[in-house]
Protein chains: 2
Amino acid sequence: MLELKVLPTGCANRRRSNACDTCGARPLSVCASIDDADLSRLDALAEHLDLQSGETLIQADEAASHVFNITSGSVRVYRLLSDGRRQITGFLFAGDFLGLATGDTYVFSAEAIEPVTACRFRKSDYRTLIRETPALETALLDRANHELVAAQNQMLLLGRKTALERVSTFLLEMPTQDPARPGPQERVHLPMTRAEIADYLGLTIETVSRVFTRLKTQGVIRLISLSEVRIEQPDVLRALADGEA
Amino acid sequence: MLELKVLPTGCANRRRSNACDTCGARPLSVCASIDDADLSRLDALAEHLDLQSGETLIQADEAASHVFNITSGSVRVYRLLSDGRRQITGFLFAGDFLGLATGDTYVFSAEAIEPVTACRFRKSDYRTLIRETPALETALLDRANHELVAAQNQMLLLGRKTALERVSTFLLEMPTQDPARPGPQERVHLPMTRAEIADYLGLTIETVSRVFTRLKTQGVIRLISLSEVRIEQPDVLRALADGEA
DNA sequence: CGCCACTTTGACAGCCTTCAACATGCGTGG
DNA sequence: CCACGCATGTTGAAGGCTGTCAAAGTGGCG
């Protein structure tokens, strides 16, 4: 059974059929340009991993020997300052790639935030493989460029948005839990803690909590549980996210 | 005369021989894997542009019809919020690529901040070209992944660093003016205004100015002119950039 | 049922922004 | 060559958003 998936990272709307509504990017497995033979070769080189919450996939400053592909679960990618300040640069989900950056050592860390399954490739195998599979290389290049756009989005958020705008944007960009049902009754699952949301949005736990409370009080969202949010007024949330209030 | 250059964007140390000290990335023109024939085909498709300061290369929301390669000068890439807040996501210099992101319309704008020369490719030509030039595709993939790391750096800066740390980091990452002379007497050229630095670092003009004054007063830097900085104490500046003071 | 980590809430402080005034520098034109 | 004028940059004072510190509340899991 082939486990490899390739999806754009940080894609705002991954909710329906695992495809990105914005750019149409899809898992490699449903991408026309990658045929079964290519996928088989990929799979043959893959090492399958299971990780518990909190376990490490990648440790900053260690030798960059592997490339990962997440097949289920969620992962946090982050960098640290020497005094412990943390910036989470992204959350990864099924289909996301990890560890592609050039260089001999990783410059970031990555850990599971819930049970994760992943494929691991030796970097040398990976290099050989893309050299022999132009379609894969093209798909990865598209993905990388897509991620750069997502990164620019995040820079805009971190550099210029208020706490309210940041949290609103975050809620809108998290993949929703309900793949089948579009429409206004959006339910968002948050596998990460408030601390992780804070470190992703450049805020503190307290500020994130206060904004959640504020959105709840105003009836824009409803907290079904700590990790389950229902967006009651998507239009209002979108307006808040873009600073139009 | 071939004008195409491919360099990693946001590379901290581009000072010596146009190569990145960190990862060794180099212009395509000196990259062994791209031969002269490939470069000739690239050049044949290139349209050469000259822009004055302030002129637009790319306008957000317009059709993404072209891909650019900067051959001289500096460019600002930015995104806007509806109320005018601006986040500059990067400054581009000779060798940088622009407009690679997928999608039918550009999601960011790009303007010259000083006289710029650039090459322009039609996106369809560009796609054909990389399909036929695996070495180019590989180089672009490496560059894209390199840029992702730079973007993560910037997220750490915007999300978790103080004003002093941001400005210090910025001064260290700007390419220095003196390609030949390494060592402590670093001279940094800043083609951008204080407003642009502020919008790049997620600060205000006033805060940037105050930090410059503070660094100047402490003897860490010296302002030769408004756009020319000499780093008197690189070690101190590095410590400040990483929050070790 | 109880522990413990996580979350929420409150009071206060600080960094950066905002608003304002002044200084500087550079290009233009006399 | 110098004076003028405007854009850009610097400096100062006050205020606000978010951070910090502290304590109470909540929920998940054994």
Side-chain angles (χ1 to χ4, degrees), chain A residues 52-54 76 81 83-88 113-115 157-171 189-218 221-229 240 243 245, chain B residues 52-54 76 81 83-87 113-115 157-171 190-218 221-229 240 243 245:
Chain A
Q52 295 306 308
S53 182
R76 61 172 174 250
L81 287 174
D83 61 2
R85 279 174 288 176
R86 179 177 70 167
Q87 178 66 40
I88 293 182
I113 60 178
E114 58 181 352
L157 180 148
L158 292 170
R160 288 300 178 219
K161 288 192 177 181
T162 66
L164 177 61
E165 291 161 0
R166 292 182 201 201
V167 173
S168 301
T169 304
F170 172 73
L171 287 173
H189 176 61
L190 305 176
M192 66 293 289
T193 65
R194 297 288 183 273
E196 287 163 340
I197 297 174
D199 282 350
Y200 178 59
L201 299 178
L203 299 169
T204 59
I205 311 175
E206 293 92 332
T207 299
V208 171
S209 182
R210 276 186 254 269
V211 173
F212 268 102
T213 301
R214 192 166 147 196
L215 288 172
K216 201 171 51 182
T217 305
Q218 297 182 351
I221 64 172
R222 173 181 311 198
L223 287 182
I224 295 159
S225 75
L226 275 177
S227 61
E228 211 73 33
V229 176
L240 290 174
Chain B
Q52 296 305 307
S53 181
R76 62 171 172 250
L81 287 174
D83 61 2
R85 278 174 289 175
R86 180 177 69 170
Q87 179 65 39
I113 61 178
E114 59 182 350
L157 180 148
L158 292 169
R160 288 299 178 220
K161 288 192 176 180
T162 67
L164 177 61
E165 290 161 2
R166 293 183 200 201
V167 173
S168 301
T169 304
F170 172 72
L171 287 172
L190 305 176
M192 65 292 289
T193 64
R194 296 288 183 273
E196 287 164 341
I197 297 174
D199 282 349
Y200 179 60
L201 299 179
L203 300 169
T204 59
I205 311 175
E206 294 92 330
T207 301
V208 171
S209 182
R210 276 185 252 269
V211 173
F212 269 102
T213 302
R214 191 164 148 197
L215 290 171
K216 200 170 51 181
T217 304
Q218 297 182 350
I221 64 171
R222 174 181 311 199
L223 289 183
I224 295 158
S225 75
L226 276 175
S227 63
E228 212 72 35
V229 176
L240 290 174

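No experiment lies behind these values; they were computed from the predicted model shown.
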For residues 206-218 of chain B, tabulate all N or O donor-acceptor pairs below 3.5 Å that involve a side-chain atom, not counting sequence neighbours.
residue, atom, partner, partner atom, Å
B/Thr207, OG1, B/Thr204, OG1, 3.0
B/Thr213, OG1, B/Ser209, O, 3.0
B/Thr217, OG1, B/Thr213, O, 2.7

[X] has an atom [atom1]; how far is it from atom [atom2] of [N], in whole Å?
X: A/Ile205; N: D/dC21; atom1: CD1; atom2: C1'; answer: 13 Å
X: A/Asp199; N: C/dC6; atom1: CG; atom2: C1'; answer: 14 Å
X: B/Phe212; N: C/dT24; atom1: CZ; atom2: C1'; answer: 16 Å
X: B/Leu190; N: D/dG9; atom1: CG; atom2: C1'; answer: 13 Å
X: A/Leu201; N: D/dC17; atom1: CG; atom2: C1'; answer: 16 Å
X: B/Leu223; N: D/dT8; atom1: CG; atom2: P; answer: 18 Å
X: A/Ile113; N: C/dC6; atom1: CD1; atom2: C1'; answer: 15 Å
X: B/Ile197; N: D/dT8; atom1: CD1; atom2: P; answer: 13 Å

Inset, instruction - State which residues pass salt bridge (Lys or Arg N to Asp or Glu O under 4.0 Å) with A/Arg194; sequence neighbours excluded, sorted by chain then number. - result: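 By the salt bridge (Lys or Arg N to Asp or Glu O under 4.0 Å) rule, A/Arg194 matches no residue at all.
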Nearest 0.5 Å, please: how far is [atom2] in [Y] from [atom1] in [X]?
X: B/Glu228; Y: B/Leu190; atom1: CD; atom2: CG; answer: 7.5 Å
X: A/Arg76; Y: A/Thr193; atom1: CZ; atom2: OG1; answer: 7.5 Å
X: A/Leu201; Y: A/Ile88; atom1: CG; atom2: CD1; answer: 9.0 Å
X: A/Ile197; Y: A/Leu171; atom1: CD1; atom2: CG; answer: 7.5 Å
X: A/Leu81; Y: A/Gln87; atom1: CG; atom2: CD; answer: 9.0 Å

Legend entry - Axis-to-axis angle between the two ends of the helix from C/dC1-D/dG30 to C/dG30-D/dC1 (five base pairs per end, rounded to 10 degrees): 40°
Inset, instruction - Would you mind reporting whether A/Ile224 and A/Val229 have side-chain heavy atoms less than 4.5 Å apart? - result: no
Inset, instruction - Applying side chain to side chain contact (heavy atoms under 4.5 Å, CB included), run through A/Tyr200 and A/Leu157 and close with a yes or a no. - result: CA-CA 10 Å; A/Tyr200 178 59; A/Leu157 180 148; over 6 Å; no
Legend entry - Pairs involving residues 162-171 of chain B, ordered by first then second residue, that meet salt bridge (charged side-chain N to carboxylate O under 4.0 Å, His left out) (sequence neighbours left out):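 The answer is A/Arg85-B/Glu165.
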Inset, instruction - For A/Ser209, report the nucleic acid contact type (base, sugar-phosphate, nothing); a contact means any heavy atom under 4.0 Å. - result: base
Inset, instruction - Encode nucleotides 25-30 of chain D as B, S and - characters from 5' to 3', where the letter depends on protein heavy atoms closer than 4.0 Å: B to the base, S only to sugar-phosphate, - to neither. - result: ------
Inset, instruction - Determine, for nucleotides 13-22 of chain C in 5'-to-3' order, which nucleotides have protein heavy atoms under 4.0 Å from the base (write B), from only the sugar-phosphate (write S), or from neither (write -). - result: ---SBBB---
Legend entry - Backbone of B/Ile113 reached by a side-chain donor or acceptor of B/Ser53 within 3.5 Å: yes
